[in-house]
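To find a chain, count down the sequence lines: A is the first, B the second, and so on, and within it residues start at 1.
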2 protein chains.
Amino acid sequence: MAERAQYEELVRQFSAFGAVKRELGRIMPAECPGGSAAVLTLLGRHGDMRMSKLAELLAVDMSVTSRHVAHVVARGWIERSPDPADKRSRILRLTPAGHAQLDELSRRTTEVLAERLSDWTDEEVGQLTDLMARLRESFDCRPAARAAAPPAFERTTRTPAST
Amino acid sequence: MAERAQYEELVRQFSAFGAVKRELGRIMPAECPGGSAAVLTLLGRHGDMRMSKLAELLAVDMSVTSRHVAHVVARGWIERSPDPADKRSRILRLTPAGHAQLDELSRRTTEVLAERLSDWTDEEVGQLTDLMARLRESFDCRPAARAAAPPAFERTTRTPAST
DNA sequence: TATTGTTATACTCTATAACTATA
DNA sequence: TATAGTTATAGAGTATAACAATA
């Protein structure tokens, strides 16, 4: 249990973190803003999935997910096939062009990070990664998709039905 | 020097971090969005300053700073006085109402963090804070405002003059 | 009646460019 | 001519609400 001053300092770092993300965003391909990059990354990492699953992984509302996906589909990086098991759903899958784009994203971010973090040790990079992952879990933004033990209460990834 | 997979994982955490910030933002007072909170926090921490200085600390363009400041001034939380030394400049200062608002912000964020991070040790909170601060420095989003050694080249906090 | 996904609308944050008033 | 700050405009991200199609 930390003290108030410590929390305030942490919040200050949260607030200022946007600058890092923007800096990283500047080197991304023009047609591929952050939202699209996140979609490609998660599909590459977790394989084909439905919209609802992607929304959960992105930790944003499904309406937002729908927009990002539409943008990515329009550029031919993923395809939406109907789900034979449930005609309301659509399965998302990376196309070859999507894989290529994903490689390019990875190449660029790796290049930038290798340069900017050249004086960081492996262990420090790992520490930051772990702490940020744990932070997300502590905030319960997403149940961390742990295989076992489904969450006691459903996390909402969409606007609740109003009726 | 880390490896590609490590960097990719780190970038994934960067991308997902937005969810934490949004979660924290939800408990803020309605009239005080993130931009306003940042302005108040920096003024409280560093004391009275000019627009350009604030823009540097926020690590955003001065046009953005101007908007945030206007919002905060409109709510009576800070005042803009002319700078006697340079009539182009304006000095920003927290009003009593601004101090009160700042206290409220601090109270709320501390409360939320104390709850969410209840199983974090002091040391872990400090580690995350330090690593995020170092990350910012490594990205050179801002020269970290270290007293000595002014940066060799001026960091731009505004749109360059087009002429 | 409930769920999956889409679209319309609105709000926040940001950057670029043009403009003003001073230096 | 250069700098401090403002404003207008545009783009990205997000949430809420209403809607269509299917369970």
Taking for each residue the nucleotide of DNA chain D with the nearest heavy atom, is it A/R67 or A/D86 whose nucleotide lies nearer the 5' end?
-> A/R67
Return the 5'-most residue of the pair A/D83, A/H68 with respect to DNA chain D, ranking by each residue's nearest nucleotide.
-> A/H68
Starting at atom CZ of B/F17, determine the distance to atom C1' of D/dG13, rounded to an integer number of angstrom.
-> 16 Å
So if I take every side-chain heavy atom of [X] and compare against [options], which nucleotide ends up nearest?
X	options	answer
B/S63	D/dT7, C/dT4, D/dA15	D/dT7
A/K87	D/dA23, D/dT6, C/dG5	D/dA23
A/V64	C/dT14, C/dG5, D/dT14	D/dT14
B/S66	D/dA23, D/dT7, C/dG5	D/dT7
A/R88	D/dA12, D/dT22, C/dC13	D/dT22
A/M62	D/dT6, C/dT6, D/dA4	C/dT6

Does a distance-only test, which skips hydrogens and angles, find a donor-acceptor pair under 3.5 Å between the side chain of B/S52 and the base of D/dT3?
->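 Absent.
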Between A/R26 and A/E23, is there a side-chain N and carboxylate O pair less than 4.0 Å apart?
-> yes
Answer yes or no: does a side-chain N or O of B/R90 lie under 4.0 Å from OP1 or OP2 of D/dT6?
->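 Affirmative; the distance criterion is met.
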